[in-house]
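The structure under discussion appears below in the form of structure tokens.
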Amino acid sequence: MQENTIYLTKEFEEKYTYTGNDLGSTYSKESTSFRVYAPTAESVTLNLYEDGLQGESYETIAMEPAENGTYKVTVSGDLHKKYYTYTAKVDGKAKEAVDPYAKAVGANGVRGMVVDLSTTNPEGFLEEKRPKKINTTDAVIYELHIRDFSIDESSGMKYKGKYKAFTEESTVNDDNLKTGVEHIKELGVTHVQLLPSFDYGSVDETKLDVPQYNWGYDPLNYNVPEGSYSSDPFHGEVRIKEFKEMVQALHKQGICVVMDVVYNHVFNAEEFCYQKIVPDYFFRKDGDKFSDASACGNETASNHLMVRKFMIDSLKYWVEEYHIDGFRFDLMAIHDITTMNEIRKALNEVDENIIIHGEGWAAEESVLPEKERALKKYTYRMPGIATFSDDIRDAIKGSVFEELEKGFVSGEPDLEELIQFGVTGAVGHSQLYRKDVTYKQEIPEPWALEPAQCVNYNSCHDNYTLWDKLAVSNPDKSPKQLKDMNKLAIAIVFTSQGIPFIHAGEEILRSKPDKTKEYGYEENSFKSSDEINSIKWNTKKENLDIFKYYQGLIAFRKATKALRLSTKEEVEQSIEFLPILPGVVSYRLKTTEEELFIAYNAGEKEVTLELPEGTFGVYVNKTQAGVELLEKVEKQVVVAPVSAMVLKKVK
Ligand code: CA
């Protein structure tokens with residue numbers, strides 16, 4: 001397979017690469033200019049409408065051919081809140097399409113809207129500052145779906161399923177325990193990562209009184225917030241303001257906002273605006289068919305220069321207009337490495353503090369040669385960009401593709417070395433690649449240049465929740481035993497080098513029970529009901545011990561620099577793995593400032609481990625975690641079955 005298209009020829013790229021920053025609509029009170037990239041079109045007209053959904057256009061205006069395959073026109077008058085589309089005629093066929101660069105749209109995103117963005121800023125928004133600069137390894141990411149956050153009765157929130165729920169303060173559940181943004185703040189995470197929140201296609205925005213649900217991995221308009229989370233999807237300016245209010249409310253609590261971006265495919269390729277305006281330019285083709293590395297019917301072509309520019313322009317726009325602090329790239333390995341590096345460069349010019357990470361895999365094969373793709377194994381070729389460590393994820397609790405498979409915490413043997421690899425943040429360690437040792441499991445080659453390129457996690461929106469995976473793969477274990485496994489699993493994530501990441505609700509044992517499923521739980525809830533997907537805030541009370549354990553681990557991590565090392569060299573010098581015992585991984589972590597002793601015992605019996613010289617304070621054990629000294633020990637430490645111990649040398 002290989003792409004075969006005139007769009008990749010030098011001649012085409014030289015003639016038809018537009019580099020200006022005025023694609024889309026450029027508004028002023030006196031006039032609005034429109035420019036669209038349409039190199040193969042015979043003609044393009046601009047259609048103006050009063051409404052976002054209904055009625056005929058009140059004016060159509062021919063656009064003039066302009067530089068590098070673009071068409072442009074300037075319309076005088078104040079067009080704020082006027083809707084518009086383009087009609088492009090290609091090969092004699094005229095098709096109407098929404099502006100790929102639309103900044104606002106009406107309901108269901110079928111028409112763009114001209115917007116005076118200065119009217120969409122909540123009070124104080126222009127003056128607000130991003131939470132202060134931190135090292136990437138200081139981040140703790142919390143992955144959240146906007147609707148799941150507030151839709152359940154137990155949220156105690158008024159604006160259920162809406163952006164506005166994030167602006168609600170002092171919300172509580174039935175037991176008077178904090179919910180919502182206050183809960184997130186109480187937990188101590190630094191970044192909230194929102195599942196797709198740009199305009200997507202799978203929810204009908206005109207029927208919001210009917211319960212509808214989707215994760216939103218089906219992009220429609222990349223530069224516009226999704227309408228179903230707004231209080232009024234019919235008026236394009238409303239969702240913009242409400243999205244900004246959400247960002248502002250999180251920033252006010254010191255929490256950064258990461259967007260999950262899905263530039264790798266679109267909802268419907270044939271119906272997508274760029275497909276109508278420049279046929280087959282936005283997507284990679286495999287012969288006559290769309291190449292389909294996303295397994296959603298198409299894949300975009302980041303290697304085509306104007307698609308690459310589209311992605312960069314879009315990301316910069318979210319950062320500058322909405323104050324977004326980071327991006328998570330869905331199926332990042334569909335994109336080419338050059339594009340990802342160009343993105344890092346462009347965002348650095350705005351703010352180096354913006355974090356970028358992504359899934360270092362695709363769903364299916366792509367026509368783009370493997371060596372050019374942003375795969376996990378090539379993470380080291382993308383400095384400043386992190387990928388998810390499925391290595392640690394699957395080693396801890398068993399493969400996401402094998403329901404019944406157990407992992408390290410559930411007693412599966414021979415995973416100790418993979419856990420060690422995870423602890424290094426995927427940068428590796430000389431103790432792990434010794435020639436005189438035969439490893440029981442194949443250890444991946446180091447794929448990260450530094451720990452900041454590795455995201456460690458147990459669970460995310462995909463697959464079973466952590467709790468459900470443990471329950472399904474350990475049917476003979478009691479809830480008490482499963483809780484112990486859960487605690488050990490999260491202790492490994494929060495003490496490993498790299499960027500820790502949790503699925504929202506993991507800290508109160510989020511579960512998606514579904515009796516119709518073979519194992520009793522839903523593992524792919526992308527369009528399941530609110531009942532299955534929502535966060536049940538009333539489970540906080542019965543799982544308060546788990547919540548406090550997560551909270552304590554985060555606090556301890558924040559207070560302990562040695563858990564947040566920046567370089568591969570520091571990891572090599574600071575970590576000394578102690579001999580492996582069956583089901584036991586232990587190591588010293590020693591920097592010039594701190595000395596830690598960390599042990600994970602997945603076995604069913606307690607183990608006694610020798611400590612280095614000196615007095616050590618216990619901060620994390622089987623039941624508790626935090627910055628409070630629990631006890632002092634010397635010479636030896638007893639690690640309880642299925643538990644983690646974290647000790648810090650007392651000065
Ligand atoms: Ca939508």
Side-chain angles (χ1 to χ4, degrees), residues 24 49 51-54 81 83-85 96-115 120 144-151 159-166 194-247 259-276 282 294 296-298 300 310 314 317-318 321-322 324 330 461 526-530 533:
Y49 296 89
D51 189 90
L53 214 52
Q54 316 277 333
K81 297 190 191 176
Y83 290 84
Y84 72 102
T85 59
E96 187 175 2
V98 66
D99 181 358
Y101 275 78
K103 297 185 180 89
V105 295
N108 286 339
V110 290
R111 291 177 188 166
M113 189 189 91
V114 177
V115 60
T120 64
L144 182 62
H145 184 277
I146 291 171
R147 188 173 170 96
D148 295 349
F149 177 64
S150 57
I151 198 76
Y159 301 106
K160 292 193 171 56
K162 303 295 179 188
Y163 296 123
K164 268 189 166 306
F166 288 82
L194 299 168
L195 264 77
S197 45
F198 50 76
D199 184 30
Y200 59 80
S202 52
V203 166
D204 186 345
E205 298 178 5
T206 66
K207 297 193 176 87
L208 294 183
D209 45 345
V210 184
Q212 297 178 72
Y213 187 92
N214 209 285
W215 282 343
Y217 291 91
D218 45 73
L220 214 52
N221 292 290
Y222 282 100
N223 301 314
V224 182
E226 160 61 12
S228 63
Y229 304 139
S230 77
S231 63
D232 175 5
F234 294 91
H235 295 93
E237 69 283 7
V238 177
R239 62 179 79 180
I240 299 177
K241 185 170 186 188
E242 290 177 353
F243 192 106
K244 287 177 175 177
E245 285 171 350
M246 169 181 70
V247 174
M259 277 180 88
D260 187 337
V261 286
V262 191
Y263 294 105
N264 67 78
H265 74 278
V266 305
F267 183 44
N268 179 330
E270 289 297 353
E271 290 299 311
F272 186 65
C273 51
Y274 249 137
Q275 181 64 8
K276 294 178 181 171
F282 202 78
S294 72
C296 295
N298 61 81
T300 59
F310 177 80
S314 174
Y317 176 68
W318 283 105
E321 187 62 35
Y322 289 90
I324 293 298
D330 187 59
H461 67 278
F526 78 102
K527 56 173 186 180
S528 300
S529 62
D530 288 330
N533 276 302

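Just follow the structure's listing: the first ligand is 1, and inside any ligand the first atom is 1.
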> Quick one: do the Asn223 and Tyr322 side chains pair a donor with an acceptor below 3.5 Å?
Replying inline: no

>> For the Ca ion (ligand 1), give me the closest N/O/S atom belonging to Asp199, just the atom name.
In response: OD1

> Side chains of Asp204 and Thr206: is there a donor and an acceptor less than 3.5 Å apart?
Replying inline: yes

>> I'd like to check Lys162 versus Ser150 (side-chain heavy atoms, cut-off strictly below 4.5 Å). Are they in contact?
In response: no

>> What is the name of the N/O/S atom of Glu205 that is nearest to the Ca ion (ligand 1)?
In response: OE2

> What's the atom name of the N, O or S in Glu226 nearest to the Ca ion (ligand 1)?
Replying inline: OE1

>> Under 3.0 Å from the Ca ion (ligand 1), can any N, O or S atom of Tyr200 be found?
In response: yes

> Does the Glu226 side chain pair with the main chain of Tyr200, one donor and one acceptor, at a distance under 3.5 Å?
Replying inline: yes

